[in-house]
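For clarity, every value in this text was computed on a predicted model and none was experimentally measured. Each chain gets a letter, A, B and so on, in the order its sequence line appears, and its residues count up from 1.
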2 protein chains.
Amino acid sequence: MTSQHQLLDTLAQVARALGNGHRLALLERLAQGGAAVETLASTAGLTVGNASQHLQQLRRAGLVTANRSGKQMIYHLTDERIVTLTGLLRQVAETNLAEMERLVSRLFADDDAEGALEAVSRDELLVGLESGKVALLDVRPEEEFEAGHLPEAINIPLAQLEDMLDKLPQDREIVAYCRGPYCALSHEAVQRLRQLGYRVRRFEEGYPEWKAAGLPVT
Amino acid sequence: MTSQHQLLDTLAQVARALGNGHRLALLERLAQGGAAVETLASTAGLTVGNASQHLQQLRRAGLVTANRSGKQMIYHLTDERIVTLTGLLRQVAETNLAEMERLVSRLFADDDAEGALEAVSRDELLVGLESGKVALLDVRPEEEFEAGHLPEAINIPLAQLEDMLDKLPQDREIVAYCRGPYCALSHEAVQRLRQLGYRVRRFEEGYPEWKAAGLPVT
DNA sequence: CCATCATTCTATCATTTTATTGAATGATGG
DNA sequence: CCATCATTCAATAAAATGATAGAATGATGG
């Protein structure tokens, strides 16, 4: 077996590490910031044992690192570019797989028909923030918000949405974001806030993409 | 199973399609331009039947398309971004896997010790071409050269290198390139030309990366 | 229409991957 | 040092993947 062959095989191992839905879910959570195995397991809907095994695979592929902190092992992405990598994977898949399009439209299908719910692009969001016409709402759990968020964002975890409406400004359009393009939290938040009469749309990406693009975070 | 879960699974299928060394080899060849199954099989060192099966998988993942031309099926990449995707995969792997570094350095280990063989970066190459101080040498097979190459490049397939030395300019440094960062052709060419006293280095990327970066091709 | 060629499909077996279970390890606080 | 907690390891069974050989398909040239 030639060196070149071995190189491609090693690359393939890394790609295989990305080739499982649970592991992609783990990576999505890790893109929000470091987390312990139990946290990761519950976000991904896995048993702790199983999550641990998947994390070992990601570690062997060089995608995550683990550091002990007291009793817990805290996992981190090794490389910011992994967010870009999965984002590009997503783009290629959305463009070239009909199946993908079908699933994406289903995920966002229960929008009302007004069309105003179309997601806000990164550029549009930047303009809105610059002009002060947009308020940012982060609907992720507090722990993830604390680990990093977009500048000026207000954190209202989805579970407490109706209890904390007083934190929302009335005079500006609200843009809600969460973990990424496929994260349902911001979508759900938009649905519920619109029912209550708020002017609100989703950001089409999430915190990790914003950060990976080199934009400022807090 | 939620829609979101299905989306990640579908993404994972695409990643799994990249998760095999033979398929990465097929994609590398396809990044040079369309090709028939037998061509692809022989470049990747596979039987035709086996290559066909791998190509079906790539097709199901939306990474390649097939069009019949007479008796032959001609395969193409569906999307230029696939080159960027595998390139990013490579970068992440090289940065985070010790194994990878070891293999890369072995692939390029038999350089003589002068150090002058360090690869030429894209930016450096652009400057050299601009100033007219560099001549480009494409050492891929003629068929791939014909399907597309860097501007002003001279084509001398590696097999005919010694027979066509008269096509090489004497007054400029030569930069050789081939299929990509792991393609051995340009490396081999540099070794042999240096033995003959030529001033020559490798381009660290290849034709597909150049094209995917939006730079001009012929 | 028949023979030929390129490719794909089918069936099979060996290998690898995944989830599950329960035991083992390693750090902490009393 | 012991009990506890978080995590990993080990063993297993079920499912998916990969290679091979041979049959089937589809287009071509006579």
Side-chain angles (χ1 to χ4, degrees), chain A residues 1 5-6 8-27 29-30 34-61 63-76 99 143, chain B residues 1-2 5-6 8-27 29-30 34-76 99 143:
Chain A
M1 175 181 270
H5 210 112
Q6 290 182 301
L8 290 180
D9 277 352
T10 308
L11 264 194
Q13 280 175 32
V14 179
R16 254 202 310 277
L18 297 171
N20 176 285
H22 294 312
R23 286 196 292 272
L24 289 178
L26 291 169
L27 289 174
R29 173 59 187 81
L30 284 169
V37 178
E38 187 172 349
T39 312
L40 291 165
S42 82
T43 328
L46 296 171
T47 63
V48 169
N50 199 357
S52 174
Q53 295 211 119
H54 282 301
L55 288 165
Q56 299 309 312
Q57 282 194 52
L58 291 171
R59 192 147 69 152
R60 264 177 259 129
L63 298 174
V64 308
T65 49
N67 298 298
R68 189 174 276 282
S69 162
K71 289 188 190 178
Q72 297 187 123
M73 285 298 256
I74 307 294
Y75 279 83
H76 286 271
E99 168 81 356
E143 184 192 351
Chain B
M1 174 181 270
T2 67
H5 210 111
Q6 289 182 301
L8 291 180
D9 277 351
T10 309
L11 264 194
Q13 280 176 32
V14 179
R16 253 201 310 277
L18 298 171
N20 176 285
H22 294 311
R23 286 196 293 272
L24 289 178
L26 290 169
L27 289 174
R29 173 57 186 84
L30 283 169
V37 178
E38 187 171 350
T39 311
L40 291 165
S42 82
T43 328
L46 296 170
T47 64
V48 169
N50 198 359
S52 174
Q53 296 210 121
H54 283 299
L55 288 165
Q56 300 309 312
Q57 284 193 52
L58 291 171
R59 190 145 73 153
R60 265 177 257 128
L63 298 174
V64 308
T65 49
N67 298 298
R68 190 174 274 283
S69 162
K71 290 188 190 178
Q72 298 187 124
M73 285 297 254
I74 307 295
Y75 279 83
H76 286 271
E99 168 81 356
E143 184 192 351

How close or far is atom [atom2] of [N] from atom [atom1] of [X], stated in whole angstroms?
| X | N | atom1 | atom2 | result |
| --- | --- | --- | --- | --- |
| B:Gln57 | C:dC9 | CD | P | 13 Å |
| A:Leu46 | C:dT18 | CG | C1' | 11 Å |
| B:Leu40 | C:dT7 | CG | P | 9 Å |
| B:Glu38 | C:dT8 | CD | P | 12 Å |
| B:His22 | C:dT16 | NE2 | P | 13 Å |
| B:Asn67 | C:dT7 | CG | P | 13 Å |
| A:Asn50 | C:dT21 | CG | P | 11 Å |
| A:Gln56 | C:dT17 | CD | C1' | 16 Å |

| Going from CZ on A:Arg23 to CZ on A:Arg16, what distance comes out if it is rounded to the nearest 0.5 angstrom? |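 Going from the CZ atom of A:Arg23 to the CZ atom of A:Arg16 covers 9.5 Å.
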| query | Can you tell me how far the CG atom of A:Leu63 sits from the CG atom of A:Leu26, to the nearest 0.5 Å? | reply | 11.5 Å
| field | Validation row: B:Val14, A:Leu18 side chains within 4.5 angstrom (heavy atoms) | value |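 No. Closest side-chain heavy atoms not under 4.5 Å.
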| message | Please classify the nucleic acid contact of A:Gln53 as base, sugar-phosphate, or nothing, using heavy-atom distances under 4.0 Å. | response |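 Here A:Gln53 touches the bases of the nucleic acid.
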| message | Looking at every non-hydrogen atom in both residues, tell me the closest pair between A:Leu24 and B:Ala12 and how far apart they are. | response |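 Closest approach of A:Leu24 to B:Ala12: CD1-N, 3.6 Å.
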| task | Mark yes when over 12 heavy atoms from residues, nucleotides or ligands other than A:Gln57 sit less than 6.0 Å from its CD; otherwise mark no. | result | yes
| field | Atom CD of B:Glu38 with >12 non-hydrogen neighbours under 6.0 angstrom | value | no
| task | Verify the contact: side-chain N or O of A:Asn20 to OP1 or OP2 of C:dT17, cut-off strictly under 4.0 Å; return yes or no. | result |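 Checking A:Asn20 against C:dT17: no side-chain N or O falls below 4.0 Å of OP1 or OP2.
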Quiz: residues 42-49 of chain A side-chain donor-acceptor pairs under 3.5 angstrom, not counting sequence neighbours:
from	atom 1	to	atom 2	distance (Å)
A:Ser42	OG	A:Thr39	O	3.3
A:Thr43	OG1	A:Thr39	O	2.6
A:Thr47	OG1	A:Asn50	N	3.2

| task | Starting from the 5' end of DNA chain D, give me the residue, B:Gly49 or B:Gly70, whose nearest nucleotide shows up first. | result |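 Comparing both residues, the 5'-ward one is B:Gly49.
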| query | If each of A:Thr47 and A:Arg16 is mapped to the nucleotide of DNA chain C with the nearest heavy atom, which maps nearer the 5' terminus, i.e. the 5' end? | reply | A:Arg16
| query | Cut-off 3.5 Å, side chains only: do B:Gln56 and B:Arg59 have a donor facing an acceptor? | reply | yes
| request: Give the ring-plane orientation class for A:His22 versus B:His5, where under 30° counts as parallel, over 60° as perpendicular and anything between as tilted. | output: perpendicular
| remark: Symbol by symbol from the 5' end, with Watson-Crick or G-U pairs under 3.5 Å, [ ] crossing and | another strand, DNA chain D is ||||||||||||||||||||||||||||||
| said: For a 4.0 angstrom threshold against heavy atoms of chain A, report the outermost contacting nucleotides of DNA chain D in 5' to 3' order. | reply: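 In short, chain A contacts DNA chain D from D:dC5 to D:dA10.
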